[in-house]
Amino acid sequence: MSFYSPKFIRPNVDSCIDTERLNELESEQELARFNGHSELSLDVQRQQLPIFKHRSQMLYALETHRVVVVVGETGSGKSTQLPQYLWESGWTDSKHSICVTEPRRIATINLAKRICDEKSCILGDEVGYAIRFEDCFTPGRTKVKFVTDGLLIRELMQNPLLPQYSVVILDEVHERNTNTDIVIGLLKKIMKKRHDLKLIVCSATVDAEEIKLYFDEGEKNKNSNNLSTCIVSVEGRYYPIEISYLTEPCDNYVKASVTTAMAVHFDQQDNDGDILIFLTGQDEVDEAVSKLIEKATELKSLKKKNFKKLWILALYGSLPVSEQLKVFERTPKSCRKIIVSTNIAETSLTINGIVYVIDSGFMKLKAYDSRLGSESLITVPCSKSSANQRAGRAGRYRSGKAFRLFPETEFQNMKQHTPPEMQRCDLASVVIQLKALGIDNICRFDFLSAPPSKNLVNTLELLHALEALDHNSKLTNPLGFQMAEFPLHPTYSKALINAEKFGCAQEMLSIIAMLQVQHVFITPSGRKIQADKSKLKFTCTEGDHITLLNVYKSFTDKLSKNKKSLANWCQSNFLNFKSLVRASQIREQLRMILRKFKIDMSSSCGDRTEPILRCLCTAFFANAATAHYSGDYRHLKSNVSLKVHPSSVINLFLANVDLPAPKYVIYNDIVQSKTTYLIRDLSVVDCKWLHELVPNYYEFGTDREIRETNDKRLKLS
DNA sequence: GAGCACTGC
């Protein structure tokens, strides 16, 4: 395996390197180091940020235009400074504040905190934030309010014209999350009615022109300058990065990443600096980590003097937080850290001290499968901007190197950008939310990137089947409107609203809340056998939903105990304490929404499970599968072959040859493995229930019977 | 024996 290095790049010139992360600048020292000065006042530090030079230009742009696109590169300081400039120059009053949206909760809180430090004010007073379950602002007093973009959509549902804001700043728009895209579309619409509202869109270079065109479109021929848009660019702070490519493609990037990491470690003995490897999933990360540990042990036995030791760490979302935090610990002088990570290190977490990046060039991406009517994860080559973003992780500390485990020709063949999430996700929540906001004709909604019409048609079909939409594709009253108000996928809210009819409201609340949190069961490294055994205590033959209910019931039985003993109970039962606490928060929020609609939720079915399973059928009927003689399952509607995910409790029964495989199941989630689709969170159901509860969705009978019924229908029409 | 990118309401 050999590399060549065709050129140095400044990766952010051509990419999405825009994710300015304040959390890494949390301590004063770090900010000072970043600025190259150690004992300067916060005021002086503010003035040294690249954006300071553009202060008056920015303010002038906003004065003369309705929309300003700010192209701010890494470290420009735009997320913290822009809101302060506007505040300082009188863009707020007792009735209007500045709203800043972020895609993630952590950034939302940290940015608000940072501005409070710079302005010496109290968090929640003049500067505040709001995220789900956490309001930290004072209406009428708060001048700058940070919110997650998802929460702004909820605010829009309460107050469609956002009268409380004079300026809305959208941050990290280049990430193109569905929520950000929805907010952009809605704001464009709102600004036609609210002529005093201003909008600032923060994005990376390449998108700026597209966004400008989007906002200018349709305005020019009106001969008005009203929605005129202008672009302001701000330089960032970064160091040059040398990019190397493989001379020939490699057939196994996991192995190649290990070899490359070891080669870098040897070649760069005299240099410090940590190594960051990008792979696609947990299995690959674990594989690479164990291989690297092997190599590191070999290295130790060589006993070469002055040779740096290796400290190898895995990083992915389902890792316990305590293990995730290890990547932020300072590397000892005699050591080099190698972090093997999934995409989490590309946007969500920024690690200091990285000088070398090794990039597999692949990522897992959400994809919508219209046959199955659901989204799943697939492994695909990443985009150019993604590869550049990853490379950029090497240049935040000093000049760095990036090793791409593919040839340069392959880079040239990559897509410029990762397609916006809107074009590859399940649209049910998007559609129902837009409908609730009064946008009845979704096809004509002015999306920044319109979703494929096939996905839209599928979604409308599902929403009809769920009875959220009527024959005119309008939200049904009250069901459709109620469903839209839940922070849930419409299938889940349907299950909740239906639960009382089946007399299992209490149970359904717990199940739906549990399905919202991830990683309920944990498997600490090396303790798989004990963890699996512990899971058996909660397992039941009905499937994963009732198993989750059992977990939640056991957890709440212990709720009277103090927090610490509850956490201990979770740990000894291999359960994720944080997830369960969050599930109980979500359960409470859902209960409050149901109460608002005056839907009685007092019923409980006790130890009976059939009412629960029947109720689940009325919501998840589209995700029904039937056992196939080949041993796997077939999606009832499309006949696509499905396998049961190894995490499902159903496996325990499939493994027992004496028991027949459950004939019919419904499921909540699909993941795509290298060979097949795997279904997760499933329950055993009866075919008759589907027939009885959703008679219009499936046709039942033999092929001949179905044909005959269809013929009869045709004659009738 | 199988295996689970990342956010968010």
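Both backbone and side-chain heavy atoms feed into the values below; hydrogens, waters and symmetry mates do not. Below, chain A is the first sequence line, B the second, and so on; all start at residue 1.
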Novice: Is any side-chain heavy atom of A/Ile650 closer than 4.5 Å to one of A/Val684?
Specialist: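 A/Val684 reaches A/Ile650 side chain to side chain.
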Novice: Find which nucleotide of DNA chain B each of A/Gln516 and A/Met363 is nearest to by heavy atoms, and output the residue with the more 5' nucleotide.
Specialist: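 Residue closer to the 5' terminus by nearest nucleotide: A/Met363.
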Novice: Can you tell whether the side chains of A/Glu284 and A/Lys364 come within less than 4.0 Å, N to carboxylate O?
Specialist: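 Looking at A/Glu284 and A/Lys364, the cut-off is not met.
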Novice: Separation of A/Arg176 atom CZ from B/dA5 atom P, in whole Å?
Specialist: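 In whole Å, B/dA5 P and A/Arg176 CZ are 25 Å from each other.
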Novice: From CZ of A/Arg132 over to C1' of B/dG8, roughly how many Å is that when rounded to an integer?
Specialist: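 My rounded result for the distance is 8 Å.
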Novice: Only counting residues at least two apart or in another chain, list the ones meeting ring pair (Phe, Tyr, Trp, His ring centres under 6.0 Å) with A/Phe577.
Specialist: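 Listed in chain order: nothing, the list is empty.
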Novice: Starting at CG of A/Leu315 and ending at P of B/dC6, how long is that distance when rounded to a whole Å?
Specialist: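 After rounding, the reported distance stands at 9 Å.
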Novice: Pick base, sugar-phosphate or nothing for A/Gln433, based on heavy-atom distances below 4.0 Å to the nucleic acid.
Specialist: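 Here A/Gln433 touches no strand at all.
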Novice: Assign the ring pair A/Phe538 / A/Phe521 to parallel, tilted or perpendicular, where the plane angle (0 to 90°) is split at 30° and 60°.
Specialist: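 A/Phe538 vs A/Phe521 ring planes: tilted.
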Novice: Between A/Gln518 (CD) and B/dA5 (P), how many Å, whole number?
Specialist: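 Those two atoms, CD and P, are 10 Å apart.
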Novice: Rounded to whole Å, how long is the line connecting atom CZ of A/Arg582 with atom P of B/dG8?
Specialist: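 Atom-to-atom, A/Arg582 to B/dG8, this comes out as 8 Å.
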Novice: Closest to the A/Leu377 side chain: B/dA5, B/dG8, B/dC9?
Specialist: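 Minimum distance to the A/Leu377 side chain belongs to B/dA5.
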Novice: If you only use heavy atoms from C-beta on, which nucleotide in B/dG8, B/dG3, B/dC6 is closest to the side chain of A/Ser647?
Specialist: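 Among the listed nucleotides, the one closest to the side chain of A/Ser647 is B/dG3.
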Novice: Heavy atoms, side chains only, cut-off 4.5 Å: are A/Phe137 and A/Asp135 in contact?
Specialist: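 In short, these two side chains touch, coming nearer than 4.5 Å.
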Novice: Take a 6.0 Å sphere around CG of A/Leu325 and say whether it holds more than 12 heavy atoms from other residues, nucleotides or ligands.
Specialist: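 Yes, because the 6.0 Å sphere around CG of A/Leu325 holds more than 12 heavy atoms from other groups.
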Novice: Could you walk me through whether A/Asn455 and A/Arg424 satisfy the side-chain hydrogen bond (donor to acceptor under 3.5 Å, both in side chains) test, starting with their C-alpha distance in whole Å, then the side-chain angles of each, then the deciding distance to 0.1 Å, before giving a yes or no?
Specialist: CA-CA 9 Å; A/Asn455 299 3; A/Arg424 50 186 176 81; over 6 Å; no
Novice: Would you jot down, in residue-number order, the residues of residues 145-153 of chain A having a non-hydrogen atom under 4.0 Å from DNA chain B?
Specialist: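 Contacts with DNA chain B under 4.0 Å: A/Thr148, A/Gly150, A/Leu151.
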Novice: How long is the line joining NZ of A/Lys535 and P of B/dA2, in whole Å?
Specialist: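 It works out to 16 Å between those atoms.
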Novice: Phosphate oxygens OP1/OP2 of B/dG8: is one of them under 4.0 Å from a side-chain N or O of A/Arg154?
Specialist: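 Checking B/dG8 against A/Arg154, no side-chain N or O comes under 4.0 Å of OP1 or OP2.
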Novice: Would you kindly give the CD1-to-P distance between A/Ile679 and B/dG3, to the nearest whole Å?
Specialist: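 In whole Å, B/dG3 P and A/Ile679 CD1 are 15 Å from each other.
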Novice: Atom CZ of A/Arg105 and atom P of B/dC6: how far apart are they, to the nearest Å?
Specialist: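 Going from CZ in A/Arg105 over to P in B/dC6 covers 14 Å.
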Novice: Hey, are A/His417 and A/Ser383 close enough side-chain-wise for a donor-acceptor pair under 3.5 Å?
Specialist: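 No, A/His417 and A/Ser383 have no side-chain donor paired with an acceptor closer than 3.5 Å.
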Novice: Can you identify which nucleotide, out of B/dC9, B/dC6, B/dC4, has its nearest atom closest to the A/Pro487 side chain?
Specialist: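 Closest nucleotide among those given: B/dC9.
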Novice: Tell me which nucleotide among B/dC4, B/dC6, B/dA2 gets nearest to the side chain of A/Pro646.
Specialist: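 Minimum distance to the A/Pro646 side chain belongs to B/dA2.
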Novice: Check every strand shown and say whether A/Phe486 touches a base, only sugar-phosphate, or nothing at a heavy-atom separation below 4.0 Å.
Specialist: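 Since no nucleic acid heavy atom lies under 4.0 Å of A/Phe486, the category is nothing.
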Novice: When you get a sec, tell me which of B/dA5, B/dA2, B/dT7 is the closest nucleotide to the side chain of A/Thr342?
Specialist: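 Of the candidates, B/dA5 comes closest.
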Novice: Would you say the base of B/dG3 and the side-chain of A/Lys643 have a donor-acceptor pair closer than 3.5 Å?
Specialist: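 Looking at the base of B/dG3, it does not pair with any donor or acceptor on the side chain of A/Lys643 (distance under 3.5 Å).
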Novice: Where the side chain of A/Arg680 is defined as all heavy atoms beyond and including C-beta, which of B/dC4, B/dC9, B/dT7 is the nearest nucleotide?
Specialist: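 The answer is B/dC4.
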Novice: Kindly point out which of B/dG3, B/dA5, B/dC9 is positioned nearest to the side chain of A/Leu678?
Specialist: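 For the A/Leu678 side chain, the nearest candidate turns out to be B/dG3.
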Novice: Does the side chain of A/Lys364 get closer than 4.0 angstrom to OP1 or OP2 of B/dC4 through an N or O atom?
Specialist: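 Checking B/dC4 against A/Lys364, a side-chain N or O does come within under 4.0 Å of OP1 or OP2.
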